[in-house]
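In listed order, ligands and their atoms are each counted from 1. Values reported hereafter were calculated over all heavy atoms of this structure, with side chains retained and with hydrogens, waters and symmetry mates removed.
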Amino acid sequence: MVSIQIVLAPSNTVTLADFFPSDRPLRVAVLTGAGISAESGVRTFRGQDGLWNGHRLEEVATPEAWIIDSEKVWRFYQERRRQLGEVEPNPAHYALAELEMRMDDGCFTLITQNVDDLHERGGSENLIHMHGELRLVRCEACEHKFEAMDPKHLEDDEFISCPECGHAKVRPEIVWFGEMPFQMTELQQAVIDCDLFLVIGTSGNVYPAAGLLCQAWESDSYCVGINLEPPLNVDLFHEFHQGSAGELLPLLVKELTDLLP
Ligand code: BV8
């Protein structure tokens, strides 16, 4: 049994098993943040060596920053794109792929705030990148979207022109602050419909992502969190496990799959 610390629950007697439906398959939704990729060597945003430490949000992750200093913004994403080639999925990514395989079709949705491709490389399939994908760029003139991971794209920090319309400077396919996250309707429905909502490796700082836990809780989902430290919205979990995702998530997935029919 994972060292479960019941933080706060409608009644501290509830357990995961109480939320398993008797008349239909279990529905699970998962939200991940930078913490799930930390053990793969991808820097988080707010840790001591966090990505934001070297930068101000406003200078690299807003539409205004792209207008004011697009070279600085482009360099920030090019550096992270190059890093994708140096990192691998960790046991936490593989555990979520294992859980997805055990679930009935249509009963598992993985929502990630992360823009890396480690969930895909770990085997996850039904995945929503609500804040975009580092591998992709988008033309602001014709909306053409394509991968920018060839050596010719990464060998320097020159802007990339659109191969479709010739527009001089494509942008990262990233949701910046002040922009609407992707697939909000779909991901919110998955959170409202789920019986179990897992939240892994996020500080709960950024909305609307951080608000999904409240939506799950209000929809009577059983909410379980794993994080190195209590996130800002820790009080909304029925169970909160403090520790590393790479160690605790495989244990939690094993406990959960043992309960599956
Ligand atoms: C929106 C892509 C409205 C970029 C990201 C003023 C104007 C406009 C909006 C706002 C505003 N003021 C506030 C807002 C809302 C704003 C917001 O929430 N701001 C915050 C800073 C207060 N949100 C937005 O702007 C969003 N859009 O509101 O649009 C709108 C409405 C209608 C029409 C149009 C628009 C958009 C937000 C998305 C921003 N883009 N990412 C990029 O990646 O470069 S956010 C980015 O930061 C991530 O995607 C992620 O969401 C967030 C980082 O959070 P975490 O993933 O939690 O990472 P963090 O480092 O914080 O924490 C990691 C955790 O892991 C830690 O707790 C650590 O303890 C733990 N950990 C570490 N190691 C491990 C571990 N845990 C387990 N195991 C380990 N090994």
* Quick check: does T202 get an N/O under 3.5 Å from an N/O on ligand 1? -> yes
* **N/O separation below 3.5 Å, P208 to ligand 1** => no
* To do: Consider only side-chain heavy atoms of I, L, V, M, F, W and Y, link residues closer than 4.5 Å, and tell whether L249 and V42 are in one cluster.
  => no
Any heavy atom of [X] closer to ligand 1 than 4.0 angstrom?
X: M130; answer: no
X: G246; answer: no
X: P172; answer: no

* Structure fact -> For atom 74 (C) of ligand 1, the closest protein heavy atom turns out to be G35 O, 3.4 Å
* To do: Mind checking side-chain hydrogen bond (donor to acceptor under 3.5 Å, both in side chains) for D193 and listing every partner two or more places apart, or none if nothing turns up?
  => Q189
* To do: State which residues pass ring-ring contact (aromatic ring centres under 6.0 Å, His included) with H167; sequence neighbours excluded, sorted by chain then number.
  => none
* To do: Report yes or no: is the cationic atom of R81 (NZ for Lys, CZ for Arg) closer than 6.0 Å to the six-membered ring centre of W74, at no more than 45° off its axis?
  => yes
* **Check: R75 main-chain N/O paired with D157 side-chain donor or acceptor under 3.5 Å** => no
* Asked: Quick one: are F108 and V30 in side-chain contact, heavy atoms under 4.5 Å?
  -> yes
* Asked: Any idea which part of T44 is under 4.0 Å from ligand 1, heavy-atom wise: side chain, backbone, both or neither?
  -> both
* Asked: Counting only non-hydrogen atoms of the protein, does one fall under 4.0 Å from atom 11 (C) of ligand 1?
  -> no
